[in-house]
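Report on the following structure.
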Protein chains: 2
Amino acid sequence: MVSKEKTYSISDLALQFDISTRTIRYYEEIGLLAPKRSNNGRRIFTRKEKTRLQLIFRGKKYGFNLEEIREMIQLFDQDPTGKRQLEKTIEYGQEKVEEVTQRIDELVLIRTEMERLLDDFQEQLITWEDEEE
Amino acid sequence: MVSKEKTYSISDLALQFDISTRTIRYYEEIGLLAPKRSNNGRRIFTRKEKTRLQLIFRGKKYGFNLEEIREMIQLFDQDPTGKRQLEKTIEYGQEKVEEVTQRIDELVLIRTEMERLLDDFQEQLITWEDEEE
DNA sequence: CTTGAAGTTGACGTTAACGTTAATGGTAAA
DNA sequence: TTTACCATTAACGTTAACGTCAACTTCAAG
């Protein structure tokens, strides 16, 4: 059995992810995607590519550039063969997790600051309203 | 009393923040900074500008572009005068807080996924080691 | 006085991440 | 067969965020 998975054209994906076909081709150019080709040379996308695109967009949202994203993809994608390989992958992965944790912490800090500022404003507003009457 | 606050030159700041003077001038160009000038035209930086730079770099770390950062700076900086103004500022600020919260949530999600993946790898590794003996 | 370090304002260069256009090919419908 | 649409590659264009360089000015030190 050849396992006929559902496939998508480039414009299918572009529509689904609300990006341009150019963007998809660009991602292939720089090695983020590697879709199969049909006999007439057209790109064939499957669930695998969709998953990758999800990852790419998540990454982008947090300031990772495409190069860094490529590293993360390798991590998620590269079913590591060989014990040493596996160990290195785990080590690298743990580093990345720590990076993410740091980012989370700082974002929480930012939010706290913003909230405190807003509280101050709120208080000012109340004072204002009291004076008004 | 004229309140003589400690001031810094452009290269002082560049050194402290480990950026180029060009970067600082650029930030002034696009309205992120507005340092006073001495009588001979040189930029004078104070604690105020340092605080702003902190904010800028935090923002950058999370994929906010400089334009978005400028909006946030206005929020933090614009001691809003007038009640209506104050209300609008609070409203806008609350939106921003929600955005940050969303980002935090998604980052947590990413981390969870990465951790799960690493757990799987860990298990594989253990299996490996068991077979080895 | 001049030399050197630090400042200033243009103005052009660079890189990442695409947008856009041109030239062309395959194929299904009219 | 012609039209229409979707695909392909190649190549040049664009924007943000600076880097780099040139041509000054200021000022303190020697």
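All chains are named by letter (A, B, ...) in the order of the sequence lines, taking the proteins before the strands, and each is independently numbered beginning at 1. Bear in mind that the values here come from a model prediction, so they are computed numbers and not experimental data.
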dist B:L53:CG -> B:K60:NZ (nearest 0.5 Å) comes out at 11.0 Å
Round to the nearest Å and state the distance from A:N40 atom CG to C:dT27 atom C1'. 9 Å
Using a 4.0 Å heavy-atom cut-off to protein, can you give one letter per nucleotide of nucleotides 2-7 of chain C, 5' to 3': B if the base is in contact, S if only the sugar-phosphate is, - if neither? ----BS
B:I24 CD1 to C:dT9 C1', in whole Å, measures 16 Å
At less than 4.0 Å, is any side-chain N or O atom of A:K60 found next to OP1 or OP2 of C:dA16? Yes or no. no
Spacing of B:N39 atom CG relative to D:dT26 atom P, expressed in whole Å: 10 Å
Tabulate below the donor-acceptor pairs under 3.5 Å that side-chain atoms of residues 115-123 of chain B make, not counting sequence neighbours, or state none.
none

Mind checking B:L66 for me? I need base, sugar-phosphate or nothing, with any heavy atom below 4.0 Å counting as a touch. sugar-phosphate
Rounding to a whole Å, what distance do you find between B:E67:CD and D:dC18:P? 14 Å
Kindly indicate whether a cation-pi arrangement holds for A:K50 with A:F45, taking the cut-offs as under 6.0 Å to the six-membered ring centre and within 45° of the axis. no
Ion pair check, A:E29 and A:R22, cut-off under 4.0 Å: yes
Between P on D:dT8 and NZ on A:K36, what's the gap in Å once rounded to a whole number? 16 Å
B:E49/B:K36 ion pair, N-O < 4.0 Å: no
Nearest-Å distance for atom pair OH/P, residues A:Y26 and D:dT15: 17 Å
Taking 4.0 Å as the cut-off, does a side-chain nitrogen or oxygen of B:Y27 come that near to OP1 or OP2 on D:dC18? yes
Whether B:R22 contacts C:dT9 is assessed here as follows: a side-chain N or O lying under 4.0 Å from the phosphate OP1 or OP2. Is that the case? no
How long is the line joining CG of A:N65 and P of D:dT15, in whole Å? 22 Å
Protein-nucleotides 2-5 of chain D N/O pairs under 3.5 Å:
none

When the distance from OH of A:Y8 to C1' of D:dA7 is rounded to whole Å, what number comes out? 19 Å
Among the nucleotides D:dA17, C:dG19, C:dC18, whichever has the atom closest to the side chain of A:S20 is C:dG19
